[in-house]
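Down below is the structure, laid out as structure tokens.
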Amino acid sequence: MCIRDRYNGIAPAARLVAVKVFDSQGRGSYADVIRGIDWLVANRNNHDIDIINMSLSATPRSHYWDDPLNQAVMAAWDAGIVVVASAGNNGPGAQSIGVPGNVPYIITVGAMTDSYTPADGSDDHLATFSATGPTFEGFVKPEVVAPGGHVIASMDGNDQIALTHSEFYLGANFFEMSGTSQATAVVSGIAALILQMEPGISPDAVKCKLMRGARPAVKADGTLAYSVFQQGAGMVNAYDAVHDWTHDCANRGLDINADLEGTKHFGGRANQNADGSYYLMGLDGYLWTDSGVDSNGYLWTDAYLWTDGYLWTDAYLWTDGSVGANGYLWTDGYLWTDAYLWTDGYLWTDGYLWTDGLTEAMSINTWVPQE
């Protein structure tokens, strides 16, 4: 069998529009990426662009709504384009989600690995490099995880990555690579299948269907093997996502137009106890101590009962943009416990001053060993 006949993408018939924003070393600037997004939005109808895959990441420098790249991403979502972004490869510690994965509206993807046994799901586990939430604004991220270990895909043999890591080049323009970037491409393919089944549905509806179809990893006793801050709703399931007809379970309480206009901004349910553990305000049973990633194998199953549904995706109106003596106050009366700030603090509390040319660095996700 020819090597080209061995591998197929999730949506092999999907038409791709490639927009190059990085140099041969995988580096660029905020301005480069924003120009690329703007071009995609402007040419959406000319090229039937429905999905933007963003397998890239940068360290957050400000609140999600102040970040110029995030503003461009939100504008694309508001224009009706589904945006799928990588969580980043800086896990497994808490609050390691990068830009633009920290945008609450879009679909952010973490990575799992099948431990090189695709026919045996019992040893599947969350990849150790997969970035983890919550975001600094309290949102659960990633929304879902997808296969991101030793994924084989098309790459020209003369590309820099193939030359630098030639041991993973398989010939015939195929390359093996691990990362949340690979997992993001898987989810972008599933999003294409969803839109093939239901053309014209909103990005919010696509996000809802992806989350509803996902299956969380659970232990033998039926409890979650990983917290929602690590796996979100769980591992994507293409068939269940495509054939789920629920459209209204994602981004509830958010208002993207007000967010873009700067009149309203939002926070999620996540908070932190004084002992460093993370929890979801108003919901029981979602506690995490940031103890790293358990690499034991677990089954990803739809038998887990989400007792609170997906209420952890709901948003609260942000009413105070500064750190005060009483912490952050949400409009429904939730007060961050005893004014406790995130463990590492907000390094950009006083506001980050963006350069006029948006020369801030942006790049593909960092290289990680095969997993």
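- Using a 4.5 Å heavy-atom threshold, the side chains of V140 and Y286 count as separate.
- Through ILVMFWY side-chain contacts below 4.5 Å, L305 is grouped with nothing and stands alone.
- Applying the side-chain contact (heavy atoms from CB on, under 4.5 Å) test to M235 and every residue at least two apart in sequence or in another chain returns M112, V145, W300.
- Note: the hydrophobic cluster containing I52 does not contain L16 (ILVMFWY, side chain heavy atoms under 4.5 Å, direct or indirect links).
- Taking CZ of R27 as the start and CG of D32 as the end, the distance is 12.5 Å to the nearest 0.5 Å.
- Between A192 and I51 the shortest heavy-atom distance is N-CD1, 3.3 Å.
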### Query
Passes side-chain contact (heavy atoms from CB on, under 4.5 Å), N251 versus K207? Steps please.
CA-CA 9 Å; N251 293 345; K207 179 176 178 177; 2.8 Å; yes

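- In the hydrophobic clustering of ILVMFWY residues, with side-chain heavy atoms under 4.5 Å counting as a link, L210 and F139 come out together.
- Annotation for N90 and S96: closest pair O-CB, 3.7 Å, computed over non-hydrogen atoms.
- Residue pairs meeting the disulfide bond (SG atoms under 2.5 Å apart) criterion with at least one partner in residues 130-218, sequence neighbours excluded, are C208-C249.
- Note on V17: it clusters hydrophobically with V33, by side-chain heavy-atom contacts below 4.5 Å among ILVMFWY residues.
- Taking both residues in full, the closest heavy atoms of G253 and F266 are given as O-CE2, 3.3 Å, listed atom of the first, atom of the second, then distance.
- Hydrophobic clustering, with ILVMFWY side chains joined whenever heavy atoms are under 4.5 angstrom apart, keeps I194 apart from Y239.
- Y169 is linked by a side-chain contact (heavy atoms from CB on, under 4.5 Å) to A162, N173, F175, counting only residues two or more places apart in sequence or in another chain.
- Judged as a salt bridge (Lys or Arg N to Asp or Glu O under 4.0 Å), and not counting sequence neighbours, the contacts of R252 are D314.
- Side chains of R61 and V99 form no contact here, defined as non-hydrogen atoms less than 4.5 Å apart.
- Using a 4.5 Å heavy-atom cutoff, the side chains of S130 and V293 are not in contact.
- The salt bridge (Lys or Arg N to Asp or Glu O under 4.0 Å) analysis of residues 192-206, with sequence neighbours excluded, yields the pairs E198-K209.
- Taking the side chain as every heavy atom from C-beta outward, I364 and I161 approach each other to under 4.5 Å.
- For the pair L280/L311, no side-chain contact is recorded, criterion being any heavy-atom separation below 4.5 Å from C-beta on.
- For the side-chain contact (heavy atoms from CB on, under 4.5 Å) test, residues two or more places apart in sequence or in another chain that qualify with V368 are N89, F129, S178.
- Looking at E143, its side chain does come within 3.5 Å of a backbone N or O of T108 through a donor-acceptor pair.
- Classification of the Y30-W354 ring pair by plane angle, with boundaries at 30° and 60°, yields tilted.
- Looking at L56 and P100, their side chains come closer than 4.5 Å, going by heavy atoms from C-beta outward.
- Under the 6.0 Å cut-off for aromatic ring centres, W306 and Y304 qualify, their centroids lying closer than that.
- Here the CZ atom belonging to R212 is positioned 7.0 Å from the OH atom belonging to Y310, to the nearest 0.5 angstrom.
- Using a 3.5 Å distance cut-off with no hydrogens or angles, the side chains of D114 and H150 do pair a donor with an acceptor.
- Looking at Q71 and I34, their side chains never come closer than 4.5 Å, going by heavy atoms from C-beta outward.
- To the nearest 0.5 Å, atoms CG (L254) and CH2 (W77) are separated by 10.5 Å.
- The aromatic rings of Y298 and Y226 stand perpendicular to each other, their planes meeting at an angle above 60°, with 30° marking the opposite boundary.
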### Task
Using the side-chain contact (heavy atoms from CB on, under 4.5 Å) rule, take F229 and Q95 through it: C-alpha gap first, then chi angles, then the decisive distance, then the call.
CA-CA 9 Å; F229 302 117; Q95 295 190 314; over 6 Å; no

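- W288 and P92 make their closest contact through CH2-O, 4.2 Å (heavy atoms, listed as atom of the first residue, atom of the second, distance).
- Without hydrogens or angle criteria, Q370 side chain to E176 main chain gives a donor-acceptor distance under 3.5 Å.
- No donor-acceptor distance shorter than 3.5 angstrom exists from the side chain of N273 to the backbone of D275, with no hydrogens or angles considered.
- For D240, the salt bridge (Lys or Arg N to Asp or Glu O under 4.0 Å) criterion is met by R215, not counting sequence neighbours.
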### Task
Could you walk me through whether D248 and T246 pass the side-chain contact (heavy atoms from CB on, under 4.5 Å) test, one step at a time?
CA-CA 6 Å; D248 61 353; T246 307; 3.5 Å; yes

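- How far CG of N53 is from OG1 of T184: 6.0 Å, rounded to the nearest 0.5 Å.
- Summarising the geometry of A11 relative to L193, their closest heavy-atom pair is CB-CD2, 4.1 Å, with the distance given to 0.1 Å.
- For D120, the side chain to side chain donor-acceptor pair (under 3.5 Å) partners at least two apart in sequence or on another chain are S122.
- In this structure a side-chain-to-backbone donor-acceptor pair under 3.5 Å is present from D23 to G26.
- In this structure, CG on L69 lies 9.5 Å from CG on L358, to the nearest 0.5 angstrom.
- With rounding to the nearest 0.5 angstrom, the CG atom of N102 is 9.5 Å from the OH atom of Y64.
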### Message
Go through it in stages, so that I can follow the logic: the residues are T132 and Y278, the test is side-chain contact (heavy atoms from CB on, under 4.5 Å), and I'd like the CA-CA distance, side-chain angles, deciding distance and then a yes or no.
### Response
CA-CA 12 Å; T132 298; Y278 297 85; over 6 Å; no

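- Pairs of residues two or more places apart, or lying in two chains, never qualify as disulfide bond (SG atoms under 2.5 Å apart) while including a residue from residues 82-175.
- In this structure D50 satisfies the side-chain contact (heavy atoms from CB on, under 4.5 Å) test together with R44, L195, sequence neighbours excluded.
- Closest approach of A111 to G179, counting heavy atoms only: CB-O, 4.1 Å.
- Under the 4.5 Å side-chain heavy-atom criterion for ILVMFWY residues, no single connected hydrophobic cluster contains both M177 and L163.
- Side chain to side chain, Y105 and D78 fail the donor-acceptor criterion of an N or O pair below 3.5 Å.
- Among residues at least two apart or in separate chains, there is no salt bridge (Lys or Arg N to Asp or Glu O under 4.0 Å) pair with a member in residues 356-371.
- Within the 4.5 Å cutoff, the side chain of H265 has heavy atoms near those of the D259 side chain.
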